[in-house]
Amino acid sequence: MQARKDEILAKKAKLAELKRQRELRTREVSANRASVGSSSDLVSPSPGRADQDRQKLDDLIKNLVGEGSRPGSTGPGGAGSPAGKGSRPTSVVSAGELSNENSESATQTNRHSHPLSISTQILSTAPLSTIYEFQPSPVKEVFSYSKGVQTTAEWGTQTSGAQAFSDSDSDDGEAQATSTSGKRLSRRERDREEELRQNIRKEIEEELKAAQNAAVDGPLISDSQTTAAANFPARALTAEELNAVTSSEEFMDFVERSSKVIERALDQEYDILADYALSGENGIEDDDDEYGNTRGSKGPRRVKEVAQFYDERWSKKRMISAIDFSPKFPELVLAGYTKNPSAPHDPDGLVQVWNMHLHDRPEFVFHAPSDVLAAKFSPFHPNLIVGGAYSGQVFLWDTRAKSAPVQKTPLTGAGHTHPVYSVDIIGTQNANNIISCSTDGVLCGWTVDMLAQPQELLTLTTPPPSKTEDLCPTCMAFPQTDPTFFLVGSEEGTIFPCHRYDRAGSKAGVDQRVSYRGHAAPVMSMDFHPARGPVDLGDLVLTTSLDWSVKLWRVRAPAATSTTGSLSGENAAVAPVLDLTREDVVYDAAWSPVKPGVFSVVDGAGGLEVWDITVDTEVPIAKVQPSGRKDARSMMSKSLNRVAWEQSEGKRLAVGGLDGALTVFEVGPDIGGKDSARNEEWTSVKKLVARLESTTTGTVNGVNGL
Amino acid sequence: MDQSSPQSSWSTTMARLSSKAGVVATVVIDSSLGSVIQTSGHYSISHSKSSQSANSARPATENGLGQLATGSSDLEELAAMVWKYVKSTEALIADIDSEDEIKLLRLRTRKHELVIAPDPKYILVVVHEISGV
């Protein structure tokens with residue numbers, strides 16, 4: 001108190017001095033004026049005095065009014081520079097001056113202002129000091145609370161934290177005064193949050209109660225409107241909310257997933273509630289009479305169309321260039337497509353994976369920047385699909401990823417620079433490579449993990465006695481057993497055996513000693529016999545060509561030492577074992593995976609033929625055409641490019657061609673099916689081939705060993 | 001192309017679903033709130049004295065998508081009932097095995113089949129007519 005009194009005294013003294021100075025100054029001014037003009041002498045003192053009066057009045061008002069609003073700045077402001085202010089007596093009240101004098105006068109009337117400020121701020125300042133000075137232990141408690149507040153604060157901000165903040169600010173009149181003490185604020189915040197939490201809890205409880213009520217009331221209330229109103233705890237979403245929901249990734253995922261599931265459920269044809277005891281009309285439908293459209297193929301040798309896949313958005317105006325059944329999921333079949341010339345903004349290349357149980361839409365759609373010419377499921381990884389493109393790129397798609405390829409080879413000279421018409425995955429589960437072959441004779445091996453650069457690169461050339469070295473492979477085929485040996489079919493019709501690596505007696509590349517001659521036009525497809533039976537038929541190859549023929553070959557063992565021909569070396573031309581001439585260009589042929597003598601053929605006239613050489617080597621045992629789509633363009637669009645068997649059971653066949661529709665057929669028990677192959681069929685195929693071979697080699701060449 | 005307008009991609013999916021043969025109505029419900037997000041088709045609910053679930057559909061003329069106008073109040077009511085049904089089934093499954101969850105509900109009645117695909121956040125319901133039984 002003593003110090004305070006001293007301070008006040010000192011200030012009073014200062015004030016007195018200031019007053020004196022002011023008076024001196026005004027006197028000076030009036031004296032000046034008097035000396036300048038005597039006419040104004042009478043009037044001059046009064047404005048001076050008025051000035052003084054006003055000054056005092058101003059001071060007083062400022063003391064009273066200004067003090068209450070600014071209690072924080074009293075101390076430091078007053079200590080500023082009172083002497084400087086005193087030297088400005090004129091009452092031209094500028095904003096700066098006002099604030100200065102305000103602080104100055106605050107120091108003067110410190111004692112007056114104190115009770116005044118207390119009276120307005122009782123709630124804020126007084127309890128604040130008592131808490132901090134006398135209760136140290138609760139302060140610690142506050143600390144622990146503030147930890148709790150930290151965690152709940154996060155929670156709060158997630159829901160409506162920002163609003164709570166601004167609320168607390170605007171609610172408290174003296175927020176400015178309290179803002180200095182953070183602890184106090186946090187306490188208030190905590191209160192606030194507690195309140196909010198309680199509100200939320202209350203709301204949730206109410207909701208729950210409503211739901212329970214609804215559940216209880218539901219069955220009781222019969223009126224439709226009231227049930228809807230009372231039962232549904234829902235509120236209608238606003239347009240904005242609706243938009244937010246429907247544009248969220250999550251929602252689209254949901255629609256994608258659930259609609260697929262539901263479509264599969266709806267497409268499921270079998271009615272599990274069918275009551276076979278009731279009537280015969282549903283019970284015994286699985287008979288022959290409904291296969292009228294399959295032209296004479298009935299009974300155990302029937303070929304019945306079961307599904308046709310076509311997507312208005314994606315399949316339109318594209319040709320099917322590749323078909324493959326998934327080795328893991330027999331209901332999935334992929335189709336590769338060329339570009340749609342009328343849609344330049346769509347990706348050129350396309351692969352769609354269709355599901356036998358999902359009729360209206362593809363299970364997956366994959367894109368490629370260039371026409372897809374070949375595509376295949378990886379036999380070693382059910383999620384991966386490899387494809388070759390017109391640009392010379394090799395693509396790798398993953399069914400777990402989006403539609404863009406997960407990997408692709410670069411468009412550089414390092415790999416292929418010509419169209420890749422054939423790709424395959426060769427090797428074993430733990431060591432396999434993607435093998436691709438382009439029409440400039442380049443064969444590349446890639447690791448599945450890295451497509452940036454080919455692991456091996458082999459350039460195939462036509463062996464010497466030809467006019468040109470260039471070789472244009474149109475197709476490539478690996479036997480089941482040997483990953484280092486393969487055949488390529490060329491544009492001129494000759495089929496060359498090739499080695500991937502150097503071997504005893506033969507170099508990597510085209511084997512110069514043997515060639516398979518017989519086709520007079522580009523070879524369109526080659527297929528090694530799958531040979532999963534008691535007799536090894538893995539050396540049989542089926543080829544098709546634009547010369548309207550399908551040919552069956554027996555391939556020499558690749559190892560040089562085991563070549564039967566003693567005439568080792570110079571270009572032994574091997575003739576086909578069997579030559580089947582058709583009525584149109586033949587695009588593709590494929591062996592049945594289960595029946596040793598059965599294969600299927602598709603041709604440019606749009607026909608699918610199924611052959612069984614154990615039954616007949618002259619005519620097919622079944623011939624069908626896929627049902628035309630309504631808007632099929634012309635006769636020309638019927639042509640079929642590809643055929644593929646379902647691998648595990650051999651019961652289904654997929655064909656596709658120019659019109660972009662993928663058609664799946666189911667075959668009768670004589671053509672396919674798990675247990676249909678009998679052992680004698682294998683031996684009869686073996687015998688047949690031996691007989692045919694002896695006749696052909698006897699007549700054509702007469703040199704080979706006999 | 002497709003990715004540019006996500007809105008249209010899911011609505012075309014729904015359009016295709018609702019235009020499938022036999023499909024009478026489709027409803028998408030928000031699972032937590034129970035609010036109807038999207039409906040299509042027509043469905044009329046008739047409460048006969050015998051049972052609540054005996055519903056009959058009037059000949060369905062496929063309405064445009066997302067129209068919450070005529071005929072949708074019935075659909076909303078259907079949504080409410082399905083929501084309740086799903087919730088009670090969820091409770092049942094939770095009672096049997098708390099770590100289990102529903103993947104699909106197929107509810108066959110004499111007249112219809114309701115295929116319900118529940119999801120943590122949304123529920124998709126498709127009502128379709130049984131043909132040939």
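Each chain gets a letter, A, B and so on, in the order its sequence line appears, and its residues count up from 1. Heavy atoms only: backbone and side chains are in, while hydrogens, waters and symmetry mates are out.
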Gap between atom OG1 of B/Thr12 and atom CD of A/Glu312 - 0.5 Å precision: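 Going from CD on A/Glu312 over to OG1 on B/Thr12, the span is 13.0 Å.
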Rounded distance [0.5 Å steps], CG in B/Leu124 versus CD1 in A/Ile262: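 Reported value, rounded in 0.5 Å steps: 4.0 Å.
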Aromatic plane relationship, B/Tyr122 with A/Phe251 - under 30° parallel, 30 to 60° tilted, over 60° perpendicular: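 Perpendicular.
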Over 12 foreign heavy atoms within 6.0 Å of CE, A/Met319: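 Incorrect, the count does not exceed 12.
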Atom OH of A/Tyr390: over 12 foreign heavy atoms under 6.0 Å: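 Incorrect, the count does not exceed 12.
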Check: A/Arg257 side chain, B/Asp119 main-chain N or O, donor-acceptor pair, under 3.5 Å: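 No.
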Flag side-chain contact, heavy atom, 4.5 Å: B/Thr13 against A/Arg361: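 B/Thr13 reaches A/Arg361 side chain to side chain.
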Lys/Arg N to Asp/Glu carboxylate O, A/Asp360 vs B/Lys20, below 4.0 Å: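 Salt bridge: yes.
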